[in-house]
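This report refers to the structure that appears directly beneath it.
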Amino acid sequence: MAMIDEPLYPIAVLIDELKNEDIQLRLNSIRKLSTIARALGEERTRKELIPFLSENNDDDDEVLLAMAEELGVFIPYVGGVEYGNVLLPPLETLCIVEETCVRDKAVESLCRVGAQMREQDLVEFFIPMLKRLAAGEWFTARVSSCGLFHIAYPSAPEALKTELRTIYGQLCQDDMPMVRRSAATNLGKFAATIEAPHLKVDIMPMFNDLTQDDQDSVRLLAVEGCAALGKLLEPQDCVAHILPVIVSFSQDKSWRVRYMVANQLYELCEAVGPEPTRSDLVPAYVRLLRDNEAEVRIAAAGKVTKFCRILNSELAIQNILPCVKELSTDSSQHVRSALASVIMGMAPILGKDATIEQLLPIFLSLLKDEFPDVRLNIISKLDQVNQVIGIDLLSQSLLPAIVELAEDRHWRVRLAIIEYIPLLASQLGVGFFDDKLGALCMQWLKDKVYSIRDAAANNVKRLAEEFGPEWALQHIVPQVLDMINNPHYLYRMTILQAISLLAPVMGAEITCSNLLPVVINASKDRVPNIKFNVAKVLQSLIPIVDQSVVEKTIRPCLVELSEDPDVDVRFFATQALQSSDQLTMMSS
Amino acid sequence: MSNGGAKAAVAPVGGPLPLDWKFSQVFGERTAGEKVQEVDVISAIEFDRTGDHLATGDRGGRVVLFERTDNRDHVGQRKDLEKMDYPMNRHPEFRYKTEFQSHEPEFDYLKSLEIEEKINKIRWCQSADGALFLLSTNDKTIKCWKVQEKKVKKVHDMNVDSMKTMESGSIVGSSISASSKQYIENGGCINNDFSFPTAGFPSLRLPVVTSIETNLMARCRRIYAHAHDYHINSISSNSDGETFISADDLRINLWNLEINNQSFNIVDVKPANMEDLTEVITSAEFHPKHCNMLAYSSSKGSIRLIDMRQSALCDSHSKLFEDQDAPGARSFFTEIIASISDIKFAKDGRHILSRDYMTLKLWDINMDSGPVATFQVHEHLRPKLCDLYENDSIFDKFECCLSGDGLRVATGSYSNLFRVFGCSEGSTEATTLEASKTPMRRQGQTSSRPLRTLGSLSGVVRRVKGADNSGVDANGNTFDFTTKLLHLAWHPTENSLACAASNSLYIYYA
């Protein structure tokens, strides 16, 4: 047993704990692997630490994940890029383990290391490793190998390049669907490194195989490949090879594949360009909007605005708008909800006339939807509406919708609408708000659910910010303060909270004249919970109001509370007094 | 398959010759008079895809693994092995590999329900990196297990004198935490004030790890819980290698193997009003090759094939298989005995085998007008249905299985008997075997169909029965309704059957 100098002791323990029984300690040691490496020096890190890690790779997944991550940034500790290859063996074994997140991390780290390695090292070490993985006995090795080709390929000499392309082709036809999925996922990355002539001759056939795979899960990953490959190909090749694939995918037997097309639609349109989109993808998109699977319609409906932006207004009105009309009465509430969240974006594309004539009726019907999420989605995009048609046209339909949501059975719906109230207020203006919404805001302060009261108190503050203290003093403060006499203490507490939120917005003067007396009065409440909340509120008011007010009004009240029979009241009163003392000391 | 095809070609007209079944092995054999512990009763049995491993689950929540030994001596590349043709005299032999406690009894406090630990089903997953993976389920919770050889490690040459720390604190754990605390305290100084010489500190060394032996470790990787309101009756892994389904009485859920906190409900047969309930799901299985297809059976005797490509919710089936002409007059028991207890796809994916109380039926998925073959298993019990109903035996859920070549089917019965039928065209093979060391004991007696004599004997049977749950069959053999052979599995590549008789696992070959 070696004797260790005192200063080295922590590092010695760290090293020993690489093999501790306790997984937390092993994890801790692995996370500090760079410290261990620096303590051992570069040479011993290469010759001892790295082989040690390679041999001890049957640890728990958490430890292996941490190891995979650390090794990705380990080049400085093994002596720089010329020694980068020593990191490959431990990462190679981590590429084979069964746990997906460990493998993914190991691949990521290998890419990181490989990207820094010198060309000759890549050929000498990295590519042979890649070939071993690609020919691995376990499917896990082959899955990992797919993610490494794009690092190795650019540095490979011509003959090796051919071989790598062949190997990738084999992986695309592997027996295991997991390997084919990985090949499909990584095809775009690999293709980006391949020279144009080979792209057409070698990669496109692989891609075509994947697009016709028996397994839905492989085909749906190939959808993303369409966009990636499309960007690499010449426009005419893209139209010739990618466009037919997209069109056939949009009619795939499997709804999951069609869903992917709907989801990726914008990227796919970008890849093929605007002209082919207008001529070929519009019919495909219309089909997706009318798909018999709701999931597909949801994805398609969510892209309606983005898609229309690529088109001109004429095409949009002619082809897409009829579908949108259908979707607004879709049997699935989720489809309507997805549509409601994007529909307003169509207005600028359609122009004012078409919007008022065609879009507005759809919009209004969604605003009356029986499903609250649909209405909420419309209201959340109110600023967009305002820009196009102005609020006057809307306000008549808007108000009933808001009132209904405000009184919805489900508190989460009420909560959602409260959160949009400041937005509504800014869009609708003071006049409209005063008449219609002010009462609602007060009503929420008396809601049965705490979260609603809490949000309502916050809402009052945000309104005061929006319309200014003068307005608030007239339209909010009196109503709020009225409620301090509510017989139920929980509602009185909400008011105290609203006061503490309002005070900073209202400023010292209004706080002293209007808010503070109410709070002081509440300190005589019979419920201790109110009293200690008074103490808390007073503490928050101290920095806002003038020092003289603190001395004359706040402190005496707090002193009285600090002698209350209730322990909690005494506690918070004392705390408030102490903080006031500190403030006085700092200012003096 | 090609193997089976070749055999069929050389066989005489009328299908291949009946197999001559021989006893191979027994695990957990009962000695005479030994009482079987309830927890030891086997409740699930399953071969893995290669047939190199066999798993059983029991009522005590344990999973026991067996591994094949007869081809382990000349282990080369796995792929070579798969291609190798075994000599005819070799038959699979298994040895105990390991066991682990998969499920524990639980209590659902919200519903005041006890959840049994009994393993309902076991399914193997794709093995990776030398480790075995399997799914096991009880009534409510599915678990994914990883079984792997781990090195038993000994660590030497620590930097910090382990003897010293052992003395200072007799409990190792406490000394560790003390030293780690010190590390954390000093951690700051390592980074800030400490300068590392480029050659490092020669006095530091890495621990030396030696391992002499390996140990099998079973680790629960994932728990898929809280997705079923009713009892899970089946699980099935998909050919895509990333998903599996679990089915309870009213719903089928789809899971990703790597995600245990969400699943998708793909079939829901629960009526809006539970009083309208007429049919429950009894079994579900994925197609062996097409990842989008699955079949499920119902208590009304129908099998539905669904295509997951058509929609996210698969409440409407793409094909329905029902046996229209139920033989004999309808009676009180007609619906009960029509209930399908188990379905299995043949390896080729073209046929589905189903088991109801009285029969085995083979269906061609391209023919929904009726089964292509029906094998009578319990026809001789028809006169006794009333008694079977009274002692609940009529609700026994017998499993069924197909041979790897698809030429034969097998299922269990009472008195620890099981039956093997030839299902290739023209085959008349119908063998009854007993789960014992002499399986062919019953062979001579059952080859003649006993239907004729049943009527005259049924009176006798009635009197003898009733008393002790055992009856007398048409040939005067006693039938014991308490010893039922519910679970059995056919080796995927060879003619070898594993069956569970109470707590014993019998393996036969032909």
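Below, each value reflects all heavy atoms present in this structure, side chains not excepted, and no hydrogens, waters or symmetry copies. Each chain gets a letter, A, B and so on, in the order the sequences are listed, and its residues count up from 1.
- Using a 4.5 Å cut-off between heavy atoms, B/Ser239 touches chain A through backbone and side chain atoms alike.
- A salt bridge does not link B/Lys289 to A/Asp214: none of the charged side-chain nitrogens sits closer than 4.0 Å to a carboxylate oxygen.
- With chain B as the partner, the residue from A/Ser254, A/Ala37, A/Gly41 showing the most heavy-atom pairs under 4.5 Å is A/Ser254.
- A salt bridge links B/Arg219 and A/Asp60; the closest N-O separation between the charged side-chain nitrogens and carboxylate oxygens is under 4.0 Å.
- Of all the listed residues (A/Met178, A/Arg256, A/Arg180, A/Glu43), the one sharing the greatest number of non-hydrogen pairs under 4.5 Å with chain B is A/Met178.
- Using a 4.5 Å cut-off between heavy atoms, A/Asp59 contacts chain B through its backbone alone, with no side-chain atom that close.
- For chain B, the option among A/Asp61, A/Asn292, A/Val218, A/Asp291 with the highest count of heavy-atom pairs below 4.5 Å is A/Asp61.
- Contacts between A/Asp252 and chain B at a heavy-atom distance below 4.5 Å are absent for every atom of the residue.
- A donor-acceptor contact shorter than 3.5 Å is absent between the side chain of A/Trp138 and the backbone of B/Ser127.
- Atom CG of residue A/Asp16 and atom CZ of residue B/Arg205 lie 9.5 Å apart, to the nearest 0.5 angstrom.
- B/Arg309 and A/Arg219 make their closest contact through CD-NH2, 4.3 Å (heavy atoms, listed as atom of the first residue, atom of the second, distance).
- A donor-acceptor contact shorter than 3.5 Å links the side chain of A/Glu293 to the backbone of B/Ala312.
- In terms of non-hydrogen atom pairs under 4.5 Å with chain B, the most contact-rich of A/Thr100, A/Ile36, A/Thr140 is A/Thr100.
- The minimum heavy-atom distance linking B/Leu204 with A/Ala39 is given by the pair CD1-CB, 3.7 Å.
- Smallest separation of non-hydrogen atoms from A/Leu18 and B/Leu206: CD1-CD2, 4.0 Å.
- For A/Glu295, the part sitting under 4.5 Å from any heavy atom of chain B is the side chain, from C-beta outward, and nothing else.
- Residue B/Glu258 touches chain A through its side chain alone, counting heavy-atom pairs closer than 4.5 Å.
- Between B/Val209 and A/Lys19, the shortest heavy-atom contact is CG2-CD, 3.4 Å.
- Neither the backbone nor the side chain of A/Gln24 comes within contact range of chain B; no heavy atom of the residue lies under 4.5 Å from a heavy atom of that chain.
- Contacts of A/Arg258 with chain B are made by side-chain atoms alone, with heavy-atom separations under 4.5 Å and no backbone atom involved.
- Here the closest heavy-atom approach between residue A/Leu8 and residue B/Ser203 is recorded as CD1-OG, 3.5 Å.
- A donor-acceptor contact shorter than 3.5 Å links the side chain of A/Trp255 to the backbone of B/Ser311.
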